[in-house]
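Worksheet: one structure, shown below.
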Amino acid sequence: MTSLAAPFEARRRAIRLWLLAVAALMVATLVVGGATRLTESGLSIVEWKPVTGVVPPLDAAGWEAEFTKYQTIPQYRERNAGMSLDEFKTIYWWEWSHRVLARLIGGVFLIPFLFFLWRGWIEPALRPRLWTIFGLGAALGAVGWWMVASGLADRVSVSQYRLAFHLTLACVIFAVVLWTAQGLVPRAAIASPPRIRAGAMALLVLVILQIYLGALVAGLRAGLIYNTWPLIDGALVPDGSRLFFETPLWRNFFENTLTVQLDHRLAAYALWLVAVLHAADVARTLRGGAALTGALALASVVTLQAALGIVTLVHQAPLALALSHQAMAIVVLTIAVMHVERLERRPSASRMGVHEGGDMMRSGEPAR
């Protein structure tokens with residue numbers, strides 16, 4: 001690389017580090033969000049105040065006012081009646097932390113983004129993707145409140161439909177942010193057959209599907225029942241009359257706790273099998289290198305996650321194990337994204353803006 005192109009790469013490196021910082025904050029938010037759900041803290045704040053909500057109660061009167069609001073919803077009346085103020089503070093801080101982290105991500109994304117745009121550091125081909133990420137992030141905040149609102153009137157918990165959508169959307173945004181950051185690394189693509197790339201992409205899709213199914217399990221508290229393995233409800237595959245008694249039929253896949261947990265198990269088996277076969281295919285075809293390292297790492301963490309899920313299930317989902325299982329899902333997603341991005345075909349340097357940026361900097365103008 002010529003010395004004239006070096007400033008362009010330095011700018012790319014700054015953008016990549018910014019995106020990785022956003023991704024790291026998203027991981028923290030996902031973990032805290034998991035703890036918020038597992039401790040059933042998500043309904044402790046019954047209002048959505050995007051700006052003033054950053055400030056928590058500052059005195060005894062403020063805490064009493066927040067507690068009084070919480071006492072008006074079904075969750076308090078039916079599950080937590082008699083809760084002390086100190087107990088309320090515990091669940092309040094979990095939800096408050098989750099919301100503040102989400103707002104922090106918005107600021108950490110938007111302020112540097114506007115700066116980079118102003119300075120002309122962001123390549124034209126990259127701008128639409130970054131604006132899309134910002135738009136999806138804003139939508140995620142609205143979806144989060146839509147999810148919370150489902151538990152404030154007629155339910156003691158949030159809707160599993162909305163919970164699963166909220167979590168899956170967050171994971172998709174995280175995947176796009178990480179993919180975009182890794183795509184800015186100056187390296188050549190790995191030469192691999194389309195079959196290998198398709199297998200890696202299929203694994204990423206399966207991981208996101210499994211996260212969605214896991215969110216349904218969490219939303220229905222289905223991990224607290226059918227706590228045996230490999231049998232579920234006394235059989236490898238329960239009788240159809242127990243799996244499909246809801247009408248219409250499709251509701252069983254979202255509301256029948258037995259069917260939802262079975263789906264989560266079957267998807268886990270499929271994910272593990274595809275991960276192992278993909279690693280074997282990469283080893284046989286490419287015989288080494290970064291592609292094999294990624295495939296083996298992915299197969300390994302999928303295996304660990306499956307084992308952790310079984311241990312969590314048979315112990316009836318204690319908080320520490322359940323939170324570890326959810327955090328490991330993020331690790332699996334991270335490795336899946338990095339693996340498939342590494343195998344993805346890359347456009348030429350000139351198409352990505354290196355040639356354009358170099359020409360502009362030689363003329364004394366920033367690359368815009």
Side-chain angles (χ1 to χ4, degrees), residues 26-27 29-43 48 75 94-95 98-99 101-102 136-176 203-226 232 243-244 246 248-271 305-306 308-309 312-313 317 322-334 336-337:
M26 292 193 71
V27 170
T29 306
L30 285 165
V31 171
V32 172
T36 300
R37 192 209 60 77
L38 290 168
T39 56
E40 299 188 348
S41 305
L43 298 178
W48 189 35
Q75 186 185 78
W94 276 119
E95 174 64 6
H98 184 55
R99 294 192 186 194
L101 278 171
L136 289 174
L140 183 63
V143 169
W145 173 246
W146 178 61
M147 175 188 69
V148 170
S150 68
L152 298 180
D154 302 317
R155 301 170 57 97
V156 296
S157 60
V158 300
S159 163
Q160 73 273 21
Y161 294 96
R162 301 186 188 186
L163 171 66
F165 181 67
H166 181 61
L167 176 60
T168 306
L169 178 58
C171 288
V172 168
I173 296 172
F174 169 74
V176 175
L203 277 168
L204 177 57
V205 172
L206 279 173
V207 169
I208 293 175
L209 173 63
Q210 181 67 332
I211 289 173
Y212 176 83
L213 293 173
L216 289 179
V217 170
L220 290 170
R221 299 163 61 89
L224 301 178
I225 51 179
Y226 311 115
I232 178 172
L243 291 172
F244 304 113
E246 296 275 5
L249 182 67
W250 62 264
R251 289 182 58 185
N252 290 278
F253 297 98
F254 302 94
E255 300 179 20
N256 183 335
T257 53
L258 179 60
T259 308
V260 168
Q261 193 190 118
L262 179 64
D263 288 345
H264 190 49
R265 292 191 188 197
L266 294 177
Y269 300 151
L271 176 58
Q305 173 70 333
L308 184 56
T312 302
L313 176 73
L323 187 56
S324 298
H325 185 53
Q326 293 191 9
M328 183 58 68
I330 303 171
V331 175
V332 174
L333 176 61
T334 300
V337 170

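In this text the structure is predicted, and so the values were computed from the model without any measurement.
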Seminar exercise, completed: Heavy-atom closest pair (A317 atom, G223 atom, distance to 0.1 Å) is CB-O, 4.2 Å
Problem set entry | Note, Y226 side chain near T257 side chain (heavy atom, < 4.5 Å) | yes
Problem set entry | Given V31, V32, L30, the one that forms side chain to side chain contact (heavy atoms under 4.5 Å, CB included) with L101 | V32
Problem set entry | From N256 atom CG to W250 atom CH2, the distance as rounded to the nearest 0.5 Å | 13.0 Å
Exercise. At what distance, to the nearest 0.5 angstrom, does CD1 of I208 lie from CG of L203?
Worked result: 11.5 Å
Seminar exercise, completed: Of all heavy-atom pairs linking F253 and L216, the shortest is O-CD1, 3.8 Å
Exercise. Would you call Q305 and Q210 a side-chain contact if the rule is heavy atoms closer than 4.5 Å?
Worked result: no
For this session: Would you give the length of the straight line joining atom CG of L140 to atom CG of L169, rounded to the nearest 0.5 angstrom?
Result: 5.0 Å
Problem set entry | Close side-chain approach of L313 to R265, heavy-atom, < 4.5 Å | yes
Problem set entry | Listed partners of R99 passing salt bridge (charged side-chain N to carboxylate O under 4.0 Å, His left out), at least two apart | E95
Exercise. Heavy atoms, side chains only, cut-off 4.5 Å: are L38 and Q326 in contact?
Worked result: yes
Exercise. Of all heavy-atom pairs between D263 and L213, which one has the smallest distance, and what is that distance?
Worked result: O-CD1, 3.8 Å
Exercise. Sub-3.5 Å donor-acceptor pair from the side chain of Q261 to the main-chain atoms of A222, do we have one?
Worked result: yes
Exercise. Which atom pair, heavy atoms only, marks the closest approach of A164 to A215?
Worked result: CA-CB, 3.5 Å
Exercise. Where is the tightest heavy-atom contact between A336 and L204, given as atom of each residue plus distance?
Worked result: CB-CD1, 4.0 Å
Problem set entry | For the student: nearest non-hydrogen atoms of G137 and I173, plus distance | N-CD1, 3.9 Å
Seminar exercise, completed: Output for pair (Q160 CD, R155 CZ), nearest 0.5 Å, gives 5.5 Å
Exercise. Are L167 and Y212 side-chain neighbours, meaning at least one heavy-atom pair lies under 4.5 Å?
Worked result: no
Exercise. Is the side chain of T39 donor-acceptor paired with the backbone N or O of T36 at a distance under 3.5 Å, no angle test?
Worked result: yes
List the atom pairs, donor and acceptor, that lie under 3.5 Å between side-chain atoms in residues 145-152 and the rest of the protein, sequence neighbours left out.
residue: S150; atom: OG; partner: M147; partner atom: O; Å: 2.5
residue: S150; atom: OG; partner: S159; partner atom: N; Å: 2.9

Problem set entry | Value rounded to 0.5 Å, distance of CG in L243 from CG in L262 | 6.0 Å
Exercise. Say you draw a straight line from CG of L136 to CZ of F174; how long is it, rounded to the nearest 0.5 Å?
Worked result: 15.0 Å
